[in-house]
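Values in this document were obtained by computation on a predicted structure and should not be read as measured data.
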Amino acid sequence: MTTTEKAERTQERHIVVFRLNSTLFALDIHSVQEIVQQSDIVPVPGAPPFIMGIVNLRGRIMAVVDTKRLLGIGETSSGKVLVMVAQIGEHLVGLTVDEVEQVTRIAHDALEPVSDLVSPEEARRLEGILKLDGKLVLLLDANRLLDEETIEVAMSQRS
């Protein structure tokens with residue numbers, strides 16, 4: 001591998017591309033641990049509306065987030081759901097997805113800034129937008145998906 005090829009590789013990042021409804025989203029692969037089917041989600045009374053419940057994943061209790069509800073684009077049906085297990089901050093969290101499209105590499109400069117048409121609340125959850133195989137993909141910022149502000153806003157809307 002030449003020096004130029006090594007430099008180009010360090011400028012790349014791996015992402016997991018997934019679908020929610022008809023929209024493509026992605027997360028940095030460093031945040032994603034695995035993808036599992038879950039059907040035994042236990043609801044938690046008093047949890048924010050976007051928390052579907054909790055599951056026991058090989059001895060670890062993990063919250064499952066209805067990603068569509070969190071992002072304001074609908075609701076995931078109950079039953080057997082596809083869950084992407086991700087490290088978000090200090091927590092292991094399950095994010096519901098409709099389908100995992102691919103794992104791929106992107107160049108760092110492929111990421112474009114979020115448009116002014118997106119609300120500041122939603123824009124802060126996005127690292128940027130990229131074009132992949134002629135389609136637009138919204139790259140989510142894992143650390144901002146479930147930050148304290150998001151949880152506080154959700155809890156205040158419950159009352």
Side-chain angles (χ1 to χ4, degrees), residues 12-106 110-111 114-115 118-119 121-159:
E12 291 179 332
R13 62 193 284 194
H14 287 80
I15 59 170
V16 178
V17 180
F18 58 95
R19 185 176 301 280
L20 293 171
N21 298 332
S22 60
T23 306
L24 293 176
F25 291 89
L27 272 176
D28 191 288
I29 196 144
H30 294 301
S31 300
V32 179
Q33 291 195 358
E34 64 182 305
I35 296 148
V36 296
Q37 288 277 343
Q38 284 294 149
S39 59
D40 55 345
I41 299 170
V42 177
V44 178
F50 55 80
I51 300 290
M52 288 184 80
I54 56 174
V55 295
N56 181 349
L57 183 69
R58 292 185 296 286
R60 289 189 71 182
I61 304 300
M62 174 181 75
V64 176
V65 172
D66 183 340
T67 313
K68 289 179 188 177
R69 198 171 230 189
L70 176 68
L71 298 174
I73 58 172
E75 191 172 323
T76 302
S77 59
S78 56
K80 198 165 202 166
V81 294
L82 192 58
V83 175
M84 188 165 47
V85 179
Q87 189 73 38
I88 298 184
E90 297 175 12
H91 305 283
L92 196 60
V93 176
L95 301 170
T96 60
V97 300
D98 291 339
E99 180 181 3
V100 174
E101 295 278 322
Q102 64 180 310
V103 175
T104 189
R105 283 187 259 208
I106 60 165
L111 207 54
V114 178
S115 165
V118 179
S119 74
E121 167 64 24
E122 296 308 314
R124 71 183 188 80
R125 292 186 180 147
L126 297 173
E127 281 191 55
I129 301 169
L130 57 108
K131 292 177 204 144
L132 192 62
D133 301 327
K135 299 175 186 168
L136 293 178
V137 178
L138 304 174
L139 182 62
L140 296 169
D141 184 335
N143 294 322
R144 293 189 179 158
L145 270 180
L146 289 170
D147 58 10
E148 285 183 36
E149 184 179 337
T150 300
I151 294 169
E152 284 174 17
V153 168
M155 293 305 283
S156 69
Q157 292 172 349
R158 288 187 64 99
S159 37

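The distance from atom CZ of F18 to atom CD of E101, rounded to the nearest 0.5 Å, is 10.5 Å. Residue H91 holds its NE2 atom at 13.5 Å from CE of M62, rounded to the nearest 0.5 Å. A distance of 13.0 Å separates CG in L70 from CD in E75, rounded to the nearest 0.5 Å. In this structure, the separation between OG1 on T76 and CE on M52 is 5.5 Å, given to the nearest 0.5 Å. Separation of atoms CZ (F25) and OG1 (T67) is listed at 9.0 Å; rounding is to 0.5 Å. Separating the CZ atom in R105 from the CD1 atom in I15 is a distance of 12.0 Å, to the nearest 0.5 Å.
In this structure, the side chain to side chain contact (heavy atoms under 4.5 Å, CB included) partners of L126, at least two apart in sequence or on a different chain, are V114, L138, L140. V100 pairs by the side chain to side chain contact (heavy atoms under 4.5 Å, CB included) definition with V16, I35, L82, V97, not counting sequence neighbours. The side chain to side chain donor-acceptor pair (under 3.5 Å) search around S31 returns none, not counting sequence neighbours. For Q102, the side chain to side chain contact (heavy atoms under 4.5 Å, CB included) partners two or more places apart in sequence, or in a different chain, are V17, T104, L132, D133. Among residues two or more places apart in sequence or in another chain, the side chain to side chain donor-acceptor pair (under 3.5 Å) test is passed with D98 by K68.
N21 contributes no side-chain N or O that, together with a main-chain N or O of G74, makes up a donor-acceptor pair within less than 3.5 Å.
Sorted by first and then second residue, the pairs that involve residues 24-34 and meet salt bridge (charged side-chain N to carboxylate O under 4.0 Å, His left out), not counting sequence neighbours, are R13-D28, E34-R58.
In terms of heavy atoms, Q87 sits closest to Q33 at OE1-NE2, 3.5 Å. For G94 against V83, the heavy-atom pair with the smallest separation is CA-CG1, 3.3 Å. Here the shortest heavy-atom pairing between L95 and A86 reads CD1-CB, 4.2 Å. Considering every non-hydrogen atom in both T96 and D66, the closest pair reads OG1-CA, 3.5 Å. Between A142 and L27, the shortest heavy-atom contact is CB-CD2, 3.9 Å. Nearest heavy-atom pair across L136 and L24 is O-CB, 3.8 Å.
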